[in-house]
2 protein chains.
Amino acid sequence: MRADWESILSLVNCEIISVTKSDSLDSYVLSESSMFVSKDRFILKTCGTTTLLHAIKPLIQLVKNVCGFDTIADIFFSRKNFERPCDQIAPHTSFPEEVDWLNGVFGEGIAYSFGRVNADCWHMYTTSPQPHKGVEKPDQTVELLMTDLDPEVMKHYYKSVSMDGKAATKNSGIDKILPKSVIDEHLFEPCGYSANGILPNGQYWTIHITPEPEFAYVSFETNVPLDNYKELFQRVVDVFKPGRTSLTIFANKTSVAKDIHLELADNWETVGNYQRTDFNMAIVKDYNLSYSFYKNTYS
Amino acid sequence: MRADWESILSLVNCEIISVTKSDSLDSYVLSESSMFVSKDRFILKTCGTTTLLHAIKPLIQLVKNVCGFDTIADIFFSRKNFERPCDQIAPHTSFPEEVDWLNGVFGEGIAYSFGRVNADCWHMYTTSPQPHKGVEKPDQTVELLMTDLDPEVMKHYYKSVSMDGKAATKNSGIDKILPKSVIDEHLFEPCGYSANGILPNGQYWTIHITPEPEFAYVSFETNVPLDNYKELFQRVVDVFKPGRTSLTIFANKTSVAKDIHLELADNWETVGNYQRTDFNMAIVKDYNLSYSFYKNTYS
């Protein structure tokens, strides 16, 4: 099975660095990327000039051949606007090109762009609603994509400052974001950091850090269910102190977070030092989805 | 003053067909377009291959010279995706091009795209928030942009069927949408229809109809304040019976419609024969703004 994953990941330009397994989730730290595999879900998170969409067809084939699964219940593909779109490789040179590619595989889907289409924005593609899908299990995903990062804060993620991944996790305060997690982290040479955290019941979080000042970038993602994510948002921005961050929250109708978008709309205009500059929400199939963009008013 | 308007409208490729004045609003029916002028607001609605943005700089100059006003409180520019983008004239060949043009005049603004970026969607640009603007007057705008129109319904808007604009208004049922309005309408040769309706207190509505089957299109817009627009939505779709329609609602924080987006999110998934396929909302400055897209399930 590992050889199968490796052959798929090679198409995306990713390598497996380490694996952690819990009862319901296998967590892979990849070269500046992460992968999570559970019985009915596959998550691949990449960055840089990886070619994520190249994995889709071989993945469908693998799941069919090895597991005997032949129905795709749902697909979500999302990303922030690229910092340097010209560096990307097809089909990732533009969102419309990615959408055409995905429609070619899955048929006519739904493509939304949230936020400012001429500045910071976030693109999302999903397949059209499937009839007769039945009752959904609770599901939620929260993601922060952070930029304008202070070089002082980013220095933890250099080999010259932190001895190894464990030291970076502790020195930076990442270990306090969701305590009691089993953390599998890696500090790259000469800099860069990836961590996967695992909690019981298939809960995970993942952090990827590119600390170089020219293109500093931090992503945080988790599926931990909470009925209010304000405290978690604050813990994350306290660790990374971004000048700007997006916050996206997906929650389906059986999730404890299902009404979070109403709470967000009314009560999250400022959170600590952060002022919201954009708020969009959408109802997509069984999901409420919101996109917020915040700027640090102290930076 | 009429000569001034005419010179600006000539830049947009529009001509004044008729004018109706009330105590607080001047309403102009133009060639397949409309213009409304009140003390502190200017609305220009065009269609086809008009060049709306060409009017902006001369308009700012005119308002400064004639009225002595020198501060722009707010700007909103919006449109649906074009049916045939290649027919458009610069700067209207793409939304990013329009945004660049607007940013050139007003400085860095906010540009959103609602709905499906690869299919039916709606673009909106507004200027960045102005500090110290003071308390806003109640303000709301509702717009339906309708396509997939039944040729049987569209026949009212041909000279060969309706004698004149008044007959088309009555035969189609347009006069029942917002009764008690003073209606100024025009039926074009050989087909096409425009109407402006005026109500007390600066309230207006406007309808533009392109009935030809190859590119049939109807727009409806009003600023009439209501705390729930469901009945109005139904009256409009009952008259035009579109296969598809967008519904956008803007309401600021002092409007009676300020909470309509919550009502929409929860209770407008189906309205009569219409099934919602997209729902997006945003908070933009003092406005709650929602975009919904509906398909007629009987068509």
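We name chains A, B, ... by the order of the sequence lines, and we start the count at 1 in each one.
For the pair I283(A)/R276(B), a side-chain contact is recorded, criterion being any heavy-atom separation below 4.5 Å from C-beta on. No side-chain heavy atom of V117(B) sits less than 4.5 Å from a side-chain heavy atom of H123(A).
Side-chain atoms of D278(A) and Y112(B) include a donor-acceptor pair closer than 3.5 Å.
More than 12 heavy atoms of other shown residues, nucleotides or ligands fall within 6.0 angstrom of atom NZ in K230(B). Within 6.0 Å of NZ on K258(A) lie no more than 12 heavy atoms contributed by other residues, nucleotides or ligands. Within 6.0 Å of atom CD in Q88(A), more than 12 heavy atoms from other residues, nucleotides or ligands are found, so the atom counts as buried in its surroundings.
Of all the heavy atoms in G109(A) and R116(B), the pair that sits closest is O-NH1, 4.1 Å.
When heavy atoms are compared at a cutoff of 4.5 Å, Y291(B) does not approach chain A at all.
Interatomic distance, L102(A) CG to N118(B) CG, rounded to the nearest 0.5 Å: 10.0 Å.
Contacts with chain A were tallied for A282(B), G115(B), S128(B), A111(B); A111(B) has the most, counting heavy-atom pairs under 4.5 Å.
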